[in-house]
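Heads up: the structure comes next, in structure tokens.
As the structure is a prediction and not an experimental result, all values here were calculated from the model.
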Amino acid sequence: AVGSTITYCKRYALQSMLGIGTADEDDDGNAGSDMRASNRDGKKKVVPSEEKAKPDENGVVYLTDIVSKLFAKKGDIKAYLKDTFGVDDFEELSGDQLERAIGDCELMGTQKMRFVELAKELKYPNKQIIKEIREVGGVDSFARLTTTQRVMILDRFDHMVKDSSE
């Protein structure tokens, strides 16, 4: 329960920072719970394990919203899905893969926001930013970098900002 609460809080904090809405009504995390809403007699209904394996529709909508903000090109989205999960579309993700993808994209979004702040402090033009990204990962999009590469470039930019302020 604690893990799902943390994920829920992270999801909606990032959602509010990026100004992303959801298409459907929020079920307050009940879709991932073993116990669903009470029946008329007040007893809780246990959800069969097969249902838990399916991705949550709200999660797919949320992930689609995040990814559209993170990845500049549709080809990058397809490459991310294929490289990371071996699927071509969000609807093909299992429930566990969906949760992992959401976590990855939330982290990526936070890192990207920090990256943009640092690039502004350094007063780097877009060409310089792309050059820096290519040097670290060989790609031209921050979102296409691995987690390790993103951390490397953030550290590098952070040091450059500190050095320029001294």
Side-chain angles (χ1 to χ4, degrees), residues 1-24 26 29 31-32 55-166:
V2 173
S4 63
T5 302
I6 291 169
T7 300
Y8 180 85
C9 290
K10 284 181 184 178
R11 179 178 303 155
Y12 288 97
L14 183 63
Q15 191 173 12
S16 71
M17 284 189 290
L18 295 175
I20 301 170
T22 58
D24 298 324
D26 182 11
D56 174 35
E57 189 176 318
N58 286 338
V60 171
V61 170
Y62 173 68
L63 180 61
T64 304
D65 286 344
I66 294 175
V67 167
S68 68
K69 304 269 190 269
L70 287 173
F71 293 96
K73 305 170 194 160
K74 285 191 178 190
D76 288 347
I77 297 170
K78 294 269 186 205
Y80 166 74
L81 288 171
K82 194 62 144 177
D83 295 347
T84 310
F85 302 104
V87 299
D88 294 315
D89 200 73
F90 296 112
E91 284 77 20
E92 296 176 41
L93 295 171
S94 71
D96 290 342
Q97 288 174 322
L98 179 66
E99 284 300 313
R100 181 173 157 224
I102 288 171
D104 288 352
C105 288
E106 287 173 339
L107 173 62
M108 195 184 308
T110 303
Q111 290 172 328
K112 186 174 183 180
M113 287 171 37
R114 179 69 181 138
F115 177 72
V116 169
E117 288 172 14
L118 291 170
K120 282 181 182 176
E121 285 186 51
L122 291 170
K123 297 180 178 147
Y124 273 8
N126 286 343
K127 286 183 180 182
Q128 181 66 30
I129 292 169
I130 291 170
K131 178 182 174 213
E132 296 285 338
I133 292 171
R134 283 187 179 148
E135 285 179 16
V136 171
V139 295
D140 62 359
S141 168
F142 184 82
R144 291 293 310 276
L145 296 172
T146 66
T147 302
T148 304
Q149 291 167 333
R150 290 192 306 264
V151 169
M152 283 173 41
I153 200 166
L154 284 169
D155 285 345
R156 191 155 117 189
F157 272 41
D158 199 33
H159 289 299
M160 290 162 55
V161 166
K162 285 177 185 172
D163 291 344
S164 70
S165 65
E166 292 177 353

M108 side chain reached by L145 side chain, heavy atoms, under 4.5 Å: no

Flag side-chain contact, heavy atom, 4.5 Å: R114 against F157: no

Gap between atom CG of L118 and atom CZ of R156 - 0.5 Å precision: 12.5 Å

Minimum heavy-atom distance I102-G59, with the two atoms named: CD1-O, 3.8 Å

Min side-chain heavy-atom separation R100-F85 under 4.5 Å: yes

I129 side chain near F115 side chain, heavy-atom distance below 4.5 Å: yes

Side chain to side chain, E135 and K131, heavy atoms closer than 4.5 Å: yes

Chi angles and distances behind the salt bridge (charged side-chain N to carboxylate O under 4.0 Å, His left out) call for D158, K162: CA-CA 6 Å; D158 199 33; K162 285 177 185 172; 3.5 Å; yes

S141 side, atom OG; K112 side, atom NZ - distance, nearest 0.5 Å: 6.0 Å

Exercise: identify the closest heavy-atom pair between I133 and V139: CG2-O, 3.2 Å

Min side-chain heavy-atom separation I77-F90 under 4.5 Å: yes

Contact check, side chains of R144 and Y80, non-hydrogen atoms, under 4.5 Å: no

Non-hydrogen side-chain atoms of V151 and Q111 separated by less than 4.5 Å: yes

Spacing of CD1 belonging to I130 relative to CD belonging to E132, to within rounding of 0.5 Å: 11.5 Å

Steps toward side chain to side chain donor-acceptor pair (under 3.5 Å) verdict (E57, Y62): CA-CA 9 Å; E57 189 176 318; Y62 173 68; over 6 Å; no

Minimum heavy-atom distance between L70 and C105, given as atom pair plus value: CD1-O, 3.4 Å

From CE (M152) to OG1 (T147), nearest 0.5 Å: 12.5 Å

Closest non-hydrogen atom pair between L81 and D88, with its separation: CD1-O, 3.9 Å

